[in-house]
2 protein chains.
Amino acid sequence: MDIQLKRGLLDVCVLAAIKSEDSYGYKIIKDMKPYIEISESTLYTILKRLELAGMLTVRTSEHGGRLRKYYHITKAGLGRLEDFKDEWREVMSIYQFVTLGDTKNEKK
Amino acid sequence: MDIQLKRGLLDVCVLAAIKSEDSYGYKIIKDMKPYIEISESTLYTILKRLELAGMLTVRTSEHGGRLRKYYHITKAGLGRLEDFKDEWREVMSIYQFVTLGDTKNEKK
DNA sequence: AATAATACTTCGTGATATGATGTATTACAC
DNA sequence: GTGTAATACATCATATCACGAAGTATTATT
């Protein structure tokens, strides 16, 4: 999939991945995989960015003798997801513009 | 609208704006305006990029004592628009992922 | 013992949207 | 007839960001 199209989608995907329950890096990647590929370097960059923006909080927890960072979505993060749904209406109108006049049985 | 979401949309929007008939910079901006805002610097950058990629051709023509650059979509450009429609299926599946479990009457 | 999987980090790079600024002509308001 | 807006295109510097590469460390599997 086109890199540029992914931008703007990745952030909300990560937030969506931790929406229903706290999760950690490796799991987020696996959960997103069926829908969108994300590299480790990209994910951890995004997680840090989202943390700085107050969209999520981090908690370090031991798991099987190894440290894991669990990410928890905040109210701001949930708000971001809501805003995204609003923006999506705009996106769909743009899609309409791009595919305008593309129906098979188009009239002149 | 979110800058990141615009990426990946702008290129195809510009191609769509010259799809049915040749157009020029200023008109493209005005045609796109109801759907998506684009600054002049961005548009001319994109037009140059698309020309280099063989998605469109340029023809300079005089109009009212002033030079105008008319942009014409190529087969490759039309192909790009077709590819975009395929990619859109992926985008919609991502949207599903993001809004998963967001219905009002959600079951546990 | 070796390899794969899990888990996170840092760095450099390339793509790119945009504001600022500049040039030049035409149309219009006063 | 002079100033301002609109038309039309160009260039530059900047900031954001996805990603590959490379690294560190532990656990699970073969």
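Sequence lines set the chain letters: A, B, ... in the order given, protein chains first and strands last, and positions in each chain run from 1. Side chains are part of it too, since the values below use all heavy atoms of this structure and drop only hydrogens, waters and symmetry mates.
For A:Tyr44 and C:dT9, the shortest distance from a side-chain N or O to OP1 or OP2 is not below 4.0 Å. At least one side-chain nitrogen or oxygen of B:Lys48 sits closer than 4.0 Å to the OP1 or OP2 atom of D:dT11. Contact annotation: A:Arg7 does not reach the phosphate of D:dA18 (side-chain N/O to OP1 or OP2, under 4.0 Å). One finds a side-chain N or O of A:Arg49 lying less than 4.0 angstrom from the OP1 or OP2 phosphate oxygen of D:dA18. OP1 or OP2 of D:dC17 has not a single side-chain nitrogen or oxygen of A:Lys6 nearer than 4.0 Å. Applying the 4.0 Å criterion to OP1 and OP2 of C:dT9, one finds that A:Lys69 has a side-chain N or O inside that range. Phosphate proximity of C:dA5 to A:Lys30: absent, as no side-chain N or O sits under 4.0 Å from OP1 or OP2. Using a 4.0 Å cut-off, no side-chain N or O of B:Lys27 falls inside it from OP1 or OP2 of D:dT7.
Minimum heavy-atom separation, A:Ile94 to B:Tyr35: CG1-O, 3.6 Å.
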Pairs under 3.5 angstrom, nitrogen or oxygen only, protein versus nucleotides 19-22 of chain C, please.
from, atom 1, to, atom 2, distance (Å)
C:dG19, N7, B:Ser41, OG, 2.9
C:dG19, O6, B:Ser41, OG, 3.2

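With A:Glu87 contributing its side chain and B:Asp2 its backbone, the two residues share a donor-acceptor pair below 3.5 Å. A:Thr74 places a side-chain N or O within 3.5 Å of a backbone atom of A:Met55 that can act as its donor or acceptor partner. Of the possible polar contacts, one joining the B:Lys19 side chain to the A:Leu100 backbone as a donor-acceptor pair under 3.5 Å is found.
Note: OH (B:Tyr70) to C1' (D:dT7) measures 12 Å, nearest angstrom. The distance from atom CZ of B:Arg59 to atom P of D:dA8 is 14 Å, rounded to the nearest whole Å. Residue B:Ile28 contributes atom CD1, which lies 12 Å from atom C1' of D:dA8 at whole-angstrom precision. B:Asp11 has its CG atom 13 Å from the P atom of C:dA15, to the nearest Å. Distance OH (B:Tyr26) to P (D:dA6): 8 Å, rounded to an integer number of Å. Remark: P of D:dT7 and OH of B:Tyr24 are 8 Å apart, rounded to the nearest angstrom. Remark: C1' of D:dG20 and CD1 of A:Ile38 are 14 Å apart, rounded to the nearest angstrom. Atom CD1 of A:Ile29 and atom P of C:dA5 are 14 Å apart (whole Å).
Within 3.5 Å, no donor on the side chain of B:Arg66 pairs with an acceptor on the base of C:dT26, nor the reverse.
Under the 4.0 Å criterion applied to side-chain N and carboxylate O atoms, B:Arg80 and B:Asp11 are not assigned as salt-bridge partners. Note on A:Lys85 versus A:Glu82: salt bridge recorded, some NZ/NE/NH1/NH2 to OD/OE distance being below 4.0 Å.
To the nearest 0.5 Å, atoms CG (A:Leu56) and CG (A:Leu78) are separated by 10.5 Å.
Nearest-nucleotide assignment on DNA chain D puts the 5′-proximal partner with B:His63, out of B:His63 and B:Gln4.
Between B:Lys33 and B:Glu37 there is a side-chain heavy-atom pair separated by less than 4.5 Å.
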